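Because the structure is predicted, anything quoted here is derived from the model rather than measured. Lettering follows sequence order; numbering is per chain, from 1.
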Protein chains: 2
Amino acid sequence: MNLKELALKLGLSPTTVSRALNGYPEVNEATRERVMAAAKRHNYRPNLRAIRLATGRAMAIGHVIPVASKHEVVNPVFADFIAGAGETYSRNGYDMILSIVPDEDEERAYRELHARGTVDGIIVHAPRMNDPRLPLLAGIGLPFVVHGRATGSEVAYSWLDVNNRRAFQRAAEFLLDLGHRRIALVNGLEFMDFAIRRRTGYCTALTARGIDPDPALMSSDEMTELRGYRSAREMLGLQAPPTAFLVSSMISGLGVRRAAEERGLRLGRDLSVIIHDDELSYLRNGEDVPIYTATRSSVREAGRQAAEMLLDIIARPETAPQQRLLEAELIIGQSTGPVPSAAPHRN
Amino acid sequence: MNLKELALKLGLSPTTVSRALNGYPEVNEATRERVMAAAKRHNYRPNLRAIRLATGRAMAIGHVIPVASKHEVVNPVFADFIAGAGETYSRNGYDMILSIVPDEDEERAYRELHARGTVDGIIVHAPRMNDPRLPLLAGIGLPFVVHGRATGSEVAYSWLDVNNRRAFQRAAEFLLDLGHRRIALVNGLEFMDFAIRRRTGYCTALTARGIDPDPALMSSDEMTELRGYRSAREMLGLQAPPTAFLVSSMISGLGVRRAAEERGLRLGRDLSVIIHDDELSYLRNGEDVPIYTATRSSVREAGRQAAEMLLDIIARPETAPQQRLLEAELIIGQSTGPVPSAAPHRN
DNA sequence: AATCAAGTTCAAACCGCTTTGGACGAAACA
DNA sequence: TGTTTCGTCCAAAGCGGTTTGAACTTGATT
């Protein structure tokens, strides 16, 4: 059942039927209702392919997910971010198209997506410092919103980010207030923008209390359980081990806990750990009582909001770039406590 | 730069240019090369929207991800499965479109996708027993491949699955061989097909050794860290606690470990744990030495193969449904060991 | 009664490709 | 020499919608 057939059945022209269904004013209310009813009755669904060609709009948003050939980790926050964004798209009649492309083809992927008219806009994931994708996208004129920011970019662009610096600064201060002095940072890869900001926040807090950040207590690696474990094990083996950890993800945090428990250290008593909690749906940080003390910010909500921002930009292309900075909450769980005194009560 | 303009520049008709680029035989090799060269030089990219309308093919595959309103967990294996499938699509010029839809709208989503011509085929995720989606899809005539199987479905359909029953049977036998008699099962939600099969395998192995499966040692819940922890804690608190666990996912397994360590039990010595390892990229089960003994099967590889199967079905619609059963390996890690004797060397 | 404006409706062009059904010339065949 | 057969190429008709420009009523205005 297509438009022409429907029009024929109604004794109207395709023009009028199209207008009736799309809510144009120049059509009699009586006929509009007649058309609507017939459309419903015959279960008419306009062909999206035709609409796309006729209007020149793709009614689709692209998410390009680079998969590094070397360290081929699929960022686990994608799943939840995308779930959030997807809700927004569905509600607005947009499709979400996902491009999985090998790292080195990413630029070509963006160009293709635009040239072939597959998408109306793009969400840029996992921005790096001086990310080359931003000038590229600005250059080809494809609307985009960055999830995160890209330090060093000279062009203005739209982004939505968590205040990573502030979150980690507050978390470090919280640990300092508990008396910790040797605080380790188990960070993500530091060519990623968010990781840089977190380190900055961490360093700022330490420095403000007159503590020099110790390179031996800072690691930067993929945020997997295994890497978290390795980093923590190594640091706990130092002659002067840290009494607290600041960890960039829940998953790394699980690894840190494994390393701690391997040494017989109990979290919250012998060792304090604060993680960043993206509120991934399959990694809830406890239900009533949080397992970990954490800086918390829902990546799913970020997905929803980023998608809304992008759709708004597409609808009103002339407006200035938009920015939104989400604050992470600091939630207190069972994994932190005052620094253990140098085992006085054991003597 | 579109086809007409390119044709004009070449002094050819659009017909010939189109044919030259698409490899049709009725075009002189010399002119074909001329066309190819010009296309490259002018950086011509055929408009996908037009191709789609003209050919009636969407050049896109849909993945519908139901998001339950109640327990809104985004299955973490999606990310890796989709990464695998996406590679296949890219290589074949297909787009992947993701629909995030609330549980109750799933049927409508499928119908819409088909009626509006958004996709050429669908991958069905997370099949349940007697899954109503299979007859639905078969009915509307949209090609599909199921990731998993749906016990109880009377129609023939294409699927790709891991031999879950066999994997868990072997894992249980392995534990039995180590002398374990009280083996617990921490399973996924048992309206999911894979969970049913895993339980069957587990029960089969026990029964074959004359052991009656004990309902107190079987739990079925979402596969999150927290649920794994809860289940394990409860079971370890029984008057006759299990000496081994069979766990349906790595994430639940992390929870089980937490519960074990909370009781001071060391994995592989005091308590044996076998997990199922989907080889999620951010949850590597160790690098050289596996942390957990596990039944292992790459969900990413499953994604690749399922996508290939679907594209093949779309290309040759007349052929019979295809099936592929992947075997999981049983890999031996550090989390299993012989059943501890009833603490004889402590007396 | 002639003119005008508003309210409805429609025919036809268009989006950018694919594909059908020739057209045309050259080579092969009778 | 006339007829086939290839080998190449093209005009035009789709695909299924949207959108422009015009036409036709009807009632109000002069």
Side-chain angles (χ1 to χ4, degrees), chain A residues 1-36 38-39 42-60 93-95 112-120 315, chain B residues 1-36 38-39 42-60 93-95 112-120 315:
Chain A
M1 171 62 55
N2 60 22
L3 186 65
K4 213 195 295 187
E5 291 167 21
L6 186 63
L8 211 68
K9 265 198 215 303
L10 282 159
L12 288 169
S13 74
T15 309
T16 304
V17 175
S18 168
R19 284 181 167 152
L21 294 173
N22 291 316
Y24 282 72
E26 60 270 74
V27 42
N28 190 313
E29 269 315 312
T31 62
R32 187 196 302 282
E33 274 164 32
R34 206 157 61 85
V35 171
M36 294 290 222
H42 293 94
N43 191 14
Y44 167 69
R45 298 259 170 279
N47 183 311
L48 210 70
R49 294 194 282 259
I51 293 180
R52 286 176 165 145
L53 180 58
T55 61
R57 303 190 313 161
M59 297 306 290
Y94 274 77
D95 284 337
E112 202 98 329
L113 243 32
H114 181 247
R116 312 196 62 169
T118 318
V119 301
D120 295 322
Chain B
M1 170 63 52
N2 60 21
L3 185 65
K4 212 195 296 187
E5 290 167 23
L6 185 63
L8 211 68
K9 266 197 214 305
L10 282 160
L12 288 169
S13 74
T15 310
T16 304
V17 175
S18 167
R19 285 181 166 152
L21 294 173
N22 291 317
Y24 283 72
E26 60 270 74
V27 43
N28 190 316
E29 270 314 311
T31 59
R32 187 195 303 280
E33 274 163 33
R34 206 157 62 84
V35 171
M36 294 288 222
H42 293 94
N43 191 15
Y44 167 69
R45 297 259 170 279
N47 183 312
L48 246 181
R49 295 194 281 260
I51 293 180
R52 287 177 163 146
L53 181 56
T55 61
R57 303 190 312 160
M59 297 306 290
Y94 275 76
D95 285 337
E112 202 97 329
L113 245 31
H114 181 248
R116 312 195 62 168
T118 317
V119 300
D120 294 322

Set of side-chain hydrogen bond (donor to acceptor under 3.5 Å, both in side chains) partners for Arg57(A), sequence neighbours left out: none
Overall bend - the helix from dA1(C)-dT30(D) to dA30(C)-dT1(D), comparing terminal axes fitted on five pairs, nearest 10 degrees: 70°
Verdict with reasoning, Val119(B) to His114(B), per side chain to side chain contact (heavy atoms under 4.5 Å, CB included): CA-CA 7 Å; Val119(B) 300; His114(B) 181 248; over 6 Å; no
Short side-chain N/O contact from Thr15(B) to OP1 or OP2 of dT19(C), under 4.0 Å: no
Closest non-hydrogen atom pair between Gly117(B) and Ala58(B), with its separation: O-CB, 3.6 Å
Exam field: side chain Arg116(A) to backbone Asn47(B), donor-acceptor pair closer than 3.5 Å: no
Partners meeting side-chain contact (heavy atoms from CB on, under 4.5 Å) with Ser18(B) (sequence neighbours left out): Leu3(B), Asn22(B)
Spacing of CG belonging to Leu53(A) relative to CG belonging to Leu53(B), to within rounding of 0.5 Å: 5.5 Å
DNA chain D-proximal residues of residues 1-13 of chain A, any heavy atom under 4.0 Å: Asn2(A), Leu3(A)
Asp95(A) side, atom CG; Arg52(A) side, atom CZ - distance, nearest 0.5 Å: 5.0 Å
Contact residues, residues 49-60 of chain B to DNA chain D [heavy atom, < 4.0 Å]: Leu53(B), Ala54(B)
Reported CD-to-CG distance for the pair Glu112(A) and Leu48(B), which is rounded to 0.5 angstrom: 8.5 Å
Stepwise side chain to side chain contact (heavy atoms under 4.5 Å, CB included) check, Met1(B) with Leu6(B): CA-CA 7 Å; Met1(B) 170 63 52; Leu6(B) 185 63; 4.0 Å; yes
List, one per line, each side-chain donor-acceptor pair under 3.5 Å for residues 7-15 of chain A, sequence neighbours excluded.
from: Ser13(A); atom 1: OG; to: Thr15(A); atom 2: N; distance (Å): 3.4
from: Ser13(A); atom 1: OG; to: Thr16(A); atom 2: N; distance (Å): 3.2
from: Ser13(A); atom 1: OG; to: Thr16(A); atom 2: OG1; distance (Å): 3.2

Contact residues, residues 18-28 of chain B to DNA chain C [heavy atom, < 4.0 Å]: Ser18(B), Arg19(B), Asn22(B), Tyr24(B)
Value in whole Å for how far the P atom of dT8(C) lies from CD of Glu29(A): 9 Å
For Leu21(A) against Tyr44(A), the heavy-atom pair lying closest together: CD1-CE2, 3.6 Å
Which donor-acceptor pairs under 3.5 Å do side chains of residues 23-31 of chain A form with protein atoms, sequence neighbours excluded?
from: Asn28(A); atom 1: OD1; to: Ala30(A); atom 2: N; distance (Å): 2.8
from: Glu29(A); atom 1: OE2; to: Arg32(A); atom 2: NE; distance (Å): 3.1
from: Thr31(A); atom 1: OG1; to: Asn28(A); atom 2: O; distance (Å): 2.8

Residue list, side-chain hydrogen bond (donor to acceptor under 3.5 Å, both in side chains) with Thr55(B), at least two apart or on another chain: none
side-chain hydrogen bond (donor to acceptor under 3.5 Å, both in side chains) partners of Glu33(B), counting only residues at least two apart: none
Span of DNA chain D in contact with chain A (heavy atoms, under 4.0 Å): dG16(D) to dG21(D)
Partner residues of Asp120(A) under the side-chain hydrogen bond (donor to acceptor under 3.5 Å, both in side chains) criterion, sequence neighbours left out: none
